[in-house]
There are 2 protein chains.
Amino acid sequence: MVKETQNLIKGLPHKTIERLSQYRRALLICLEKGKEYIFSHEIAEIQHITSVQVRRDLMLIGYSGTLRKGYNIKELINLIGNIIDSPGGINVAIIGMGNLGRAVSKYLTHKRQKLTIVAGFDINSKKIGNEILGIPCYAPDEMKQIVEEKKIGIAIITVPATKIPETTKRLINAGIRGVLNFTPTPVVVPDNIFLEEYDMITSLEKVAFFVKQAMIEEEENRM
Amino acid sequence: MVKETQNLIKGLPHKTIERLSQYRRALLICLEKGKEYIFSHEIAEIQHITSVQVRRDLMLIGYSGTLRKGYNIKELINLIGNIIDSPGGINVAIIGMGNLGRAVSKYLTHKRQKLTIVAGFDINSKKIGNEILGIPCYAPDEMKQIVEEKKIGIAIITVPATKIPETTKRLINAGIRGVLNFTPTPVVVPDNIFLEEYDMITSLEKVAFFVKQAMIEEEENRM
DNA sequence: TACCATCTGTTAAAATATTAACAGGGCAAA
DNA sequence: TTTGCCCTGTTAATATTTTAACAGATGGTA
Ligand SMILES: NC(=O)c1ccc[n+]([C@@H]2O[C@H](COP(=O)([O-])OP(=O)(O)OC[C@H]3O[C@@H](n4cnc5c(N)ncnc54)[C@H](O)[C@@H]3O)[C@@H](O)[C@H]2O)c1
Ligand SMILES: NC(=O)c1ccc[n+]([C@@H]2O[C@H](COP(=O)([O-])OP(=O)(O)OC[C@H]3O[C@@H](n4cnc5c(N)ncnc54)[C@H](O)[C@@H]3O)[C@@H](O)[C@H]2O)c1
């Protein structure tokens with residue numbers, strides 16, 4: 001990729017990155033259906049956002065559509081791939097092959113060519129040394145070695161919350177580059193490791209709050 | 001709750017709501033450890049944010065701490081509860097008791113007093129009529145009836161992506177108030193239903209993007 | 001007592017993110 | 001070929017969110 005393009009990409013807003021990932025998924029589905037071109041307002045409708053936002057995002061990545069025809073789906077998919085994906089792909093490990101870890105493994109396997117789950121880690125001796133859902137499983141102590149050997153760049157954390165400190169320590173020591181934490185306990189990593197945390201209960205409580213508010217407002221309007 | 005407080009709460013930013021949920025969880029852990037008061041900078045550190053942000057959020061909900069002592073943990077937990085929780089609680093249903101649906105069920109059960117999973121829905125005839133992880137399981141066609149009977153307010157969607165249209169239709173018809181969608185396919189619901197969508201692949205691709213960027217920058221710095 | 005360090009609460013400023021507004025181009029129908 | 005419509009691309013305006021700055025209060029300390 002040319003230097004200029006790389007400069008464009010560098011300052012991309014986090015929100016735009018998230019939306020690009022979502023655009024791509026929507027586009028892949030459209031492509032499968034045999035669609036060749038798509039309008040910004042069509043993408044917008046799928047994603048519940050405005051067409052302006054779509055056009056703005058695409059402007060930011062320097063992609064131009066064809067007037068009156070819209071955007072070439074295949075081209076756009078490739079461009080988003082150039083931005084998000086690493087050319088050689090990135091290998092991923094799941095830390096904690098419990099209920100969530102297994103569900104995630106199953107879900108992610110073969111979903112994205114450029115992201116491959118190549119290892120799981122667990123303390124359960126029945127799991128260590130065996131494959132779970134086709135993924136070889138290792139002991140946490142082997143982490144540094146396996147991460148290096150298999151060139152693992154990203155870890156998804158699904159261990160019990162109490163195991164976060166030791167798990168974090170091992171991941172840092174192993175030289176991991178990015179972490180996605182599904183545990184409700186925030187993890188602490190140095191700046192050079194990219195960290196994304198997601199907590200289901202926060203989402204659920206957010207929904208609960210707005211449902212409550214809607215009910216209160218209805219109540220008020222009735223009076 | 002007095003009208004005045006309700007007005008304060010009404011315009012609370014989405015981001016503040018999310019953080020309040022997270023503060024509460026952190027506070028509950030502190031309380032368990034026997035801590036009575038906490039400083040804004042302590043909360044901030046746990047959540048990887050700044051203490052200003054914490055104080056600002058607490059200002060928005062009208063809570064005042066004690067100078068030099070910080071915030072009373074028990075009081076704050078209760079206040080956040082008043083804001084987020086509905087007095088009578090809200091019942092929740094899981095739509096699609098597969099890998100993710102079961103993992104979520106297990107995770108959420110007994111995590112929050114005010115949010116109770118009271119039903120699961122699935123098309124698998126082996127599941128219908130039985131309990132899964134203590135949760136009674138019903139056929140999708142029974143949704144309207146069960147939602148009314150059990151006063152279910154929120155649905156968590158974990159069905160295969162292809163089943164989103166029919167599932168959405170049933171949920172709307174059943175009079176659901178809030179939806180948390182874990183499927184990668186965006187759902188379409190009327191405005192009066194609060195919708196939150198979370199997509200794991202987006203999170204993972206976001207991590208992948210920033211890991212890639214960090215590697216490119218390292219590369220550049222070496223030159 | 002006077003001073004210092006520390007923490008809260010709030011206002012002001014800055015940074016991000018979204019939306020509005022509109023110029024410009026191309027196709028199609030009249 | 002002219003008019004109108006419907007797209008894109010971009011700049012300007014607005015809204016939201018975060019951060020900075022600082023006044024005020026309290027308690028410890030010299
Ligand atoms: N289940 C869910 O849907 C869900 C949702 C959101 C968050 N979470 C969080 O994800 C985590 C896992 O949840 P779960 O339901 O899969 O629990 P689980 O008990 O089924 O799985 C945890 C797994 O981690 C393994 N483990 C324990 N210590 C370890 C260590 N030090 N290193 C590596 N592996 C270790 C255990 O052997 C087990 O297999 C929890 O922190 C939970 O809060 C779960
Ligand atoms: N597994 C994960 O970790 C994960 C992560 C993120 C998102 N997702 C998404 O969650 C969804 C479920 O994933 P999964 O791994 O649990 O799949 P799964 O196949 O294990 O579970 C799906 C369940 O839904 C049931 N079902 C099918 N049609 C239904 C209908 N019309 N009404 C009610 N139930 C119905 C099926 O019988 C099955 O039990 C998928 O859309 C997937 O994309 C999964």
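Chain letters run A, B, ... following the sequence lines, proteins first and then strands; every chain starts at 1.
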Original post:
Counting side-chain heavy atoms from C-beta on, which of C/dC7, C/dT10, D/dT18 comes nearest to B/His41?
Top reply: C/dC7
Original post:
Which of the following nucleotides, D/dT19, C/dC7, C/dG24, is nearest to the side chain of A/Leu67?
Top reply: C/dG24
Atom-pair distance ([atom1] on [X]; [atom2] on [N]), nearest Å:
{"X": "B/Asp57", "N": "C/dT10", "atom1": "CG", "atom2": "P", "answer": "14 Å"}
{"X": "B/Leu58", "N": "C/dT8", "atom1": "CG", "atom2": "P", "answer": "9 Å"}
{"X": "B/Ile49", "N": "D/dA20", "atom1": "CD1", "atom2": "P", "answer": "14 Å"}
{"X": "A/Arg55", "N": "C/dT19", "atom1": "CZ", "atom2": "P", "answer": "13 Å"}
{"X": "B/Ile43", "N": "C/dG9", "atom1": "CD1", "atom2": "C1'", "answer": "14 Å"}
{"X": "A/Arg56", "N": "D/dT8", "atom1": "CZ", "atom2": "C1'", "answer": "14 Å"}
{"X": "B/His14", "N": "C/dT18", "atom1": "NE2", "atom2": "P", "answer": "13 Å"}
{"X": "A/Lys15", "N": "D/dT16", "atom1": "NZ", "atom2": "C1'", "answer": "10 Å"}

Original post:
D/dT8 phosphate, OP1 or OP2: any side-chain N/O from A/Tyr37 under 4.0 angstrom?
Top reply: no
Original post:
Does A/Gly89 offer a backbone N or O that forms a donor-acceptor pair with the side chain of A/Ser86 under 3.5 Å?
Top reply: no
Subject >> Exam field: side chain B/Asn181 to backbone B/Thr183, donor-acceptor pair closer than 3.5 Å >> reply: yes
**OP:** Answer with base, sugar-phosphate or nothing: what part of the nucleic acid does B/Thr16 contact at a heavy-atom distance below 4.0 Å?
**Re:** nothing
**OP:** Could you check whether B/Ser51 gets within reach of a base, just the sugar-phosphate, or nothing at all, counting any heavy atom under 4.0 Å?
**Re:** nothing
Original post:
Between B/Ser40 and A/Pro13, which has a closest nucleotide on DNA chain C that is more 5'?
Top reply: B/Ser40
**OP:** Take B/Met59 and A/Arg68, find for each the nucleotide of DNA chain C with the closest heavy atom, and name the residue whose nucleotide sits nearer the 5' end.
**Re:** B/Met59
Subject >> Proximity of A/Tyr198 and B/Tyr198 rings by center, below 6.0 Å >> reply: yes
Original post:
Does a side-chain N-to-carboxylate-O contact under 4.0 Å join B/Arg24 and A/Glu205?
Top reply: yes
Original post:
With the threshold set at 4.0 Å, does a side-chain nitrogen-carboxylate oxygen contact exist between B/Glu18 and B/Lys15?
Top reply: no
